[in-house]
Amino acid sequence: MDTLDIAFAEARRYLASLDTRPVASRGTPADMRLPLPAQFPDRGIPANDVVRAIAAAADPGLTGNAGGRFFAWVKGGALPAALATDIMCSAWDQNAVLASTSPAGAVLEEVAGRFLLDALRLPADASYAFVTGCQMAHTTALAAARHGVLAQKGWDVEAKGLQGAPVIRVLANSHHHASVTRALRLLGLGSDCIVPLGGDKPGLVSPEVLRAALAQAADAPTIVVLNAGDLNIGACDDFATLCPIAQAAGAWVHVDGAFGLWANASPRLAPLVAGVEMADSWATDGHKWLNTPYDCGMAITRHPNAHSAAMRMTAAYLTSGGDVRDPMDFTPEWSRRARALPALAALMELGRDGLSEMIERCCDHAAAIYDGIVGLQGATGIARPTMNQGLIRFDAKDGSNISDAVIAAINASGEAFLSGGSWDGERVMRISVCGWNTSADDVARTVAAAGEALSRVRT
Ligand SMILES: *Cc1c(COP(=O)(O)O)cnc(C)c1O
């Protein structure tokens with residue numbers, strides 16, 4: 001057998017087992033180490049044996065997040081065309097850094113970028129970068145924001161850095177994701193530059209709070225970070241109201257839309273993110289709700305010049321400047337896989353109708369799981385999904401919070417996988433539905449597993 005055939009056979013075996021294998025992995029670290037050499041081998045091992053050994057080592061430690069009953073964190077699976085394209089990308093081994101290093105990588109990325117902006121209903125002339133995930137999408141977009149707000153003050157941050165620069169304020173929804181904080185750390189702004197903003201509605205920034213925060217330092221270069229879908233309840237800021245307020249004060253508005261930005265692809269859900277296209281930059285993921293394999297995030301900005309000013313580098317050995325866009329003018333990476341191609345495949349496989357149908361289906365399944373579980377004795381609904389995220393609390397008969405124990409019991413059953421979180425100081429179970437292949441049957445199995453776990457744990 002050819003080495004690739006072995007890999008394909010292993011991949012097919014795994015995918016075929018998703019319906020029956022436990023969603024949570026059951027292997028111990030020792031199980032995973034056992035099939036591998038104990039030490040770095042002195043002599044090389046034949047490729048076929050290497051692939052078999054790695055497959056055997058990984059198998060007991062694989063979670064079923066490619067399947068339909070994984071609802072923890074925010075994870076989608078991989079659409080068939082996206083997965084297959086990802087495999088071809090590895091085989092082609094293109095360096096999608098410049099049009100000259102991979103014409104295919106650069107041209108197909110341009111098409112992917114155009115389709116992406118159209119799918120998300122963002123300005124057609126926005127700039128985009130395909131990066132490793134939303135973490136690096138924040139880093140990229142906020143580097144463009146840093147350029148933009150400092151250029152307004154006559155400061156060239158790419159040349160001078162932040163030493164002696166006007167101090168940047170970042171006014172961020174207090175429910176911002178920690179990846180925003182880390183991006184600010186990486187950009188030399190530090191987590192202390194964040195002024196957390198709240199309001200009277202859970203997870204949302206109110207216009208009065210934003211206005212007051214802007215007025216506190218009217219002359220400071222300012223970035224405002226808003227949420228399109230926070231990871232607990234999927235809350236979306238009121239972009240149509242907040243963007244004009246921030247922009248009138250000279251601020252750059254950045255949106256964390258890791259998954260929630262995809263609501264804009266559905267006519268039914270788009271009202272949740274009304275006005276999101278007014279922002280200055282957006283960060284999102286392909287590997288969450290678009291259902292590409294991992295290693296796919298997107299940074300998008302309304303300001304291509306600020307974006308490329310923040311990222312572009314030249315070197316004598318690079319040939320650039322043709323009529324095809326050079327990906328590296330917009331990305332923080334140098335050498336990079338052609339990661340736009342699986343996204344292109346997903347967008348083509350779904351099309352506009354299929355994409356909105358998938359987004360809506362996930363939201364309907366999230367609501368059905370929530371309603372099914374909230375109907376059980378001992379479960380209390382904390383946040384019914386308005387998008388694809390919901391929160392439920394579990395209580396023992398004496399009223400004590402047993403959410404973590406119920407989650408552990410569901411996960412131990414192997415039927416479904418969920419994660420916990422904290423909301424208003426209470427432990428809760430989070431439900432996140434992002435998978436293209438979650439079915440009504442998966443919903444029923446999950447509710448049944450929750451019922452069994454609850455009756456076992458609740459004494
Ligand atoms: C997942 C997530 C991120 C981080 O995305 P990665 O792709 O893991 O880097 C940021 N913000 C939100 C709201 C998320 O759900």
Side-chain angles (χ1 to χ4, degrees), residues 63 65 70-78 82 86 116 120 128-143 145 170 172-187 191 194 196 202-205 225-237 239 254-264 269 272-273 276 279 281-300 331-333 336-337 339-340 342-343 346 359 362-363 366 383 385-391 418-423 430-435:
T63 55
N65 49 285
F70 192 96
F71 307 114
W73 308 300
V74 185
K75 292 185 171 189
D86 200 58
L116 174 72
L120 293 173
Y128 53 85
F130 288 87
V131 292
T132 49
C134 198
Q135 169 72 77
M136 286 313 292
H138 285 318
T139 309
T140 306
L142 289 170
V170 178
N173 183 315
S174 60
H175 287 261
H176 60 272
H177 192 270
S179 57
V180 170
T181 312
R182 186 155 64 171
L184 295 169
R185 260 164 44 179
L186 291 172
L187 291 169
S191 52
I194 299 175
L204 300 180
V205 175
V225 179
L226 301 177
N227 285 346
D230 86 294
L231 86 168
N232 284 306
I233 62 170
C236 299
D237 279 310
F239 304 105
H254 174 68
V255 174
D256 180 352
F259 61 94
L261 194 56
W262 294 91
N264 217 30
L269 293 160
L272 290 174
V273 292
V276 73
S281 61
W282 305 264
T284 192
D285 266 323
H287 55 219
K288 288 181 176 174
W289 223 349
L290 182 59
N291 283 261
T292 70
Y294 275 102
D295 204 60
C296 185
M298 298 98 161
I300 305 169
T331 60
E333 296 95 356
R336 58 195 281 276
R337 73 189 271 103
R339 63 170 63 86
I359 299 295
C362 288
C363 296
T386 49
M387 198 188 276
N388 62 335
Q389 310 287 120
L391 301 178
L418 291 115
S419 66
S422 293
W423 187 251
R430 297 178 52 251
I431 300 163
S432 174
V433 185
C434 292

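For reference, positions follow the sequence shown, starting with 1. All ligand and atom numbering here is 1-based and tracks the order in the structure.
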Using a 4.0 Å cut-off to any heavy atom of Gly133, which atoms of ligand 1 qualify?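 Under 4.0 Å from Gly133, ligand 1 has these atoms: 7 (O), 9 (O).
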- Sub-4.0 Å atoms of ligand 1 with respect to non-hydrogen atoms of His287: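 With His287 as reference, the close atoms of ligand 1 come out as 7 (O).
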Hey, is the main chain of Gly435 close enough, under 3.5 Å, to the side chain of Asn291 for a donor-acceptor pair?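 Not at all, since once roles are kept as given, no pair shorter than 3.5 Å links the two residues.
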- Task: Determine the interplanar angle of the Tyr294 and His287 rings, folded into 0 to 90°, and report it as parallel if under 30°, tilted if 30 to 60°, perpendicular if over 60°.
- Result: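 The arrangement is tilted - the two ring planes meet at 30° to 60°.
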Original post:
Roughly how far apart are Ser179 OG and Arg185 CZ, rounded to 0.5 Å?
Top reply: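 It comes to 11.5 Å.
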Problem set entry | Asn173 versus Asp230, side-chain donor and acceptor atoms under 3.5 Å |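 No donor-acceptor contact under 3.5 Å links the two side chains.
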Just to confirm my output: which protein heavy-atom neighbour is closest to [atom], and how far is it?
atom	answer
atom 15 (O) of ligand 1	Lys288 NZ, 2.8 Å
atom 9 (O) of ligand 1	Gln135 N, 2.7 Å
atom 13 (C) of ligand 1	Asp256 OD2, 3.5 Å
atom 12 (C) of ligand 1	Ala258 CB, 3.3 Å

Original post:
Can you pull the salt bridge (charged side-chain N to carboxylate O under 4.0 Å, His left out) pairs that have at least one residue in residues 282-292, sequence neighbours excluded?
Top reply: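 Output for this query lists Asp285-Lys288.
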I'd like to know whether ligand 1 has Met136 as a neighbour, heavy-atom separation below 4.0 Å.
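Under 4.0 Å: no for Met136.
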Self-check item: Test item, Ser179 contacting ligand 1 (heavy atom, 4.0 angstrom)
Solution: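 Yes, that is the case, since the closest heavy atom of the residue is under 4.0 Å from the ligand.
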List in chain and number order the residues that pass side chain to side chain contact (heavy atoms under 4.5 Å, CB included) with Ala279, two or more places apart in sequence or in another chain; answer none if no residue qualifies.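 Side chain to side chain contact (heavy atoms under 4.5 Å, CB included) list for Ala279, sorted by chain: Cys243, Val253, Val255, Trp282.
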Q. Is there a nitrogen or oxygen of His138 sitting under 3.5 Å from a nitrogen or oxygen of ligand 1?
A.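 No - when backbone and side-chain N and O of His138 are compared with those of ligand 1, no distance drops under 3.5 Å.
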- Query: For ligand 1, does Cys134 get within less than 4.0 Å through its side chain, its backbone, both, or neither, judged by non-hydrogen atoms?
  - Reply: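 Cys134 to ligand 1: contacts from backbone and side chain alike.
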#### Entry: Contact partition for Trp73 relative to ligand 1, non-hydrogen atoms under 4.0 Å
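Contact part for Trp73 vs ligand 1: neither.
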